[in-house]
Amino acid sequence: MTHTKSRLLLLGGTTESLALAEQLAQKPAEHPGLTVITSLAGRTVAHRLPPGEIRVGGFGGAAGLAAYLESAAIDLVVDATHPFAATISRNAALACNSAGVPRLQLLRPAWERVTGDLWHGVPDIDAAAKALPAAGQTVFLAVGRQELARFAGSPGLRLIARMIDPPDDNRADNSGANRCGSFSGFEIILARGPFGEADEEALFKSAHVDMIVSKNSGGDATYAKIAAARRLGIPVLMIDRPAPEPGDNAATVDAALAWISAQLSLATANTAASQPRNLTAR
Ligand code: NAP
């Protein structure tokens, strides 16, 4: 059978996007003719790059992404960005709809509350900032550096945040893990996960953490802090996810692989159907 050449744009920045790119690269015979281009926002210094082609940086909104889909001749898009990366997911939905490019959103399942969890659900970051405890308490903010500003100006609270790369103002001085610097009134811990449950427990105990603020990211990679909070009886302000985009979605890398295979088979079948049939010689 003749296989159509296809180009897949994989919107990345997550462990799932890396795993998907790696699985596609490991079994090229299962996806003949497929080129994979992973797109990264470029916010953090990646410590493991995906196989295949890589592009870095924003597209310039939905219109910019639609233009990229055309100029790069993209046939398929898998949006494997983080569940809280709502802007790029919205832009991907808009751009793919306008360009007529099939799109899948790969979204890992959210964490579920289990016995012993002391969760207080809040709808978004702003609601979390309003629900912080009284002065004198220590709060561990498990949110991204861009969201930290929403928690600034909370008088009398000790706010601890952890991030992979040093804040830009300290970048030259604070490279390396487990070194602290200042970031507009926050205590900063520089470290790259994954973190084990015992490590999280030790940190929360030694820092006398009274409350944790976390996004409901789902997945195993950052769950240890939730398990540690449960064991230590620390309440968690759990921020709900933004609503996913309508359209095809998958919860696992395997389901995303199946979607890609189905799309490639469809494209091959459509190409075969549009080829002129051999006429029988008279
Ligand atoms: P966002 O708010 O949804 O996106 C903001 C802008 O960043 C987008 O409009 C786009 O710029 C650019 N962008 C985002 N992801 C991109 C990608 N994969 N490739 C090219 N451009 C991208 O996203 P975010 O929450 O800042 O997250 C940025 C990246 O970090 C995402 O790729 C995400 O998967 C990853 N990440 C996010 C979180 C989180 O909690 N939000 C956690 C872990 C990893 P243009 O409009 O110019 O195209």
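First listed ligand is number 1; within each ligand, the first listed atom is number 1. All values below were derived from every heavy atom in this structure, side-chain atoms included, with hydrogens, water molecules and symmetry-related copies excluded. Numbers for residues simply follow the sequence, beginning at 1.
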Element-labelled atoms of ligand 1 that are located less than 4.0 Å from some non-hydrogen atom of A86: 3 (O)
Of all protein heavy atoms, the one nearest atom 17 (C) of ligand 1 is A41 N, 3.6 Å
Salt bridge present between E197 and K225 (N-O < 4.0 angstrom): no
The option among G42, G57, G144 carrying the non-hydrogen atom nearest to atom 21 (N) of ligand 1 is G57
Considering only protein heavy atoms, which is closest to atom 19 (N) of ligand 1, and at what distance to one decimal place? S39 OG, 2.7 Å
Please check: side-chain N/O of N97 versus main-chain N/O of L94, any donor-acceptor pairing under 3.5 Å? no
Find out whether V209 and Q137 are in side-chain contact, i.e. whether some heavy atom of one side chain is under 4.5 Å from a heavy atom of the other. no
Within the structure, does at least one protein heavy atom fall under 4.0 Å of atom 30 (O) of ligand 1? no
Answer whether the closest heavy-atom distance between the side chains of L266 and L264 falls below 4.5 Å. no
For the 3.5 Å polar cut-off, considering only N or O atoms, please tell me whether R55 and ligand 1 meet it. no
May I ask you to check whether G60 has an N/O atom sitting below 3.5 Å from an N/O atom of ligand 1? yes
Heavy-atom check, side chain of S217 versus side chain of R241, under 4.5 Å: no
Below 4.0 Å, non-hydrogen atoms only: which portion of A80 touches ligand 1? Side chain, backbone, both or neither. neither
Applying side-chain contact (heavy atoms from CB on, under 4.5 Å) between L9 and each of T35, L69, D75, report the one that passes. L69
For atom 12 (C) of ligand 1, what is the closest protein heavy atom, and at what distance to 0.1 Å? R43 NH2, 4.0 Å
Which residue and heavy atom of the protein sit nearest atom 23 (O) of ligand 1, plus the separation: A85 CB, 3.5 Å
Should D126 and R150 count as an ion pair when the cut-off is N to O under 4.0 Å? yes
Which option out of T81, D79, T87 puts a heavy atom nearest to atom 1 (P) of ligand 1? T87
Hey, does V236 have a side-chain heavy atom less than 4.5 Å from the side chain of M211? no
Ligand 1 atoms nearer than 4.0 angstrom to some heavy atom of G58 are 11 (O), 21 (N), 45 (P), 47 (O), 48 (O)
Quick one: nearest non-hydrogen protein atom to atom 32 (O) of ligand 1, plus distance? G12 O, 2.8 Å
Classify the side-chain pair S39/R55 by whether it contains a donor and acceptor separated by less than 3.5 Å. yes
Under 4.0 Å between a side-chain nitrogen and a carboxylate oxygen: does that hold for E201 and R230? no
So which heavy atom in the protein is nearest atom 46 (O) of ligand 1, and how far is it from that ligand atom? G61 N, 3.0 Å
So, 4.0 Å and heavy atoms of G64: is ligand 1 close enough to count as a contact? no
Among R90, H82, K215, the residue with a heavy atom nearest to atom 36 (N) of ligand 1 is H82
Looking at ligand 1, does L65 have a heavy atom less than 4.0 Å from it? no
Below 4.0 Å from any atom of ligand 1, is there a heavy atom belonging to E147? no
Numbered in order shown, the ligand 1 atoms found under 4.0 Å of a heavy atom of Q146 are 26 (O)
Is a side-chain donor or acceptor of R158 paired with a backbone partner of A207 at a separation under 3.5 angstrom? yes
Considering only protein heavy atoms, which is closest to atom 35 (C) of ligand 1, and at what distance to one decimal place? G13 O, 3.7 Å
Which residue and non-hydrogen atom of the protein lie closest to atom 48 (O) of ligand 1, and at what distance in Å? F59 N, 2.6 Å
Pair R162 + E187: basic N to acidic O under 4.0 Å: no
Return yes if a side-chain donor-acceptor contact under 3.5 Å exists between T81 and D79, otherwise no. yes
With heavy atoms only and a cut-off of under 4.0 Å, state how N91 meets ligand 1: side chain, backbone, both or neither. side chain
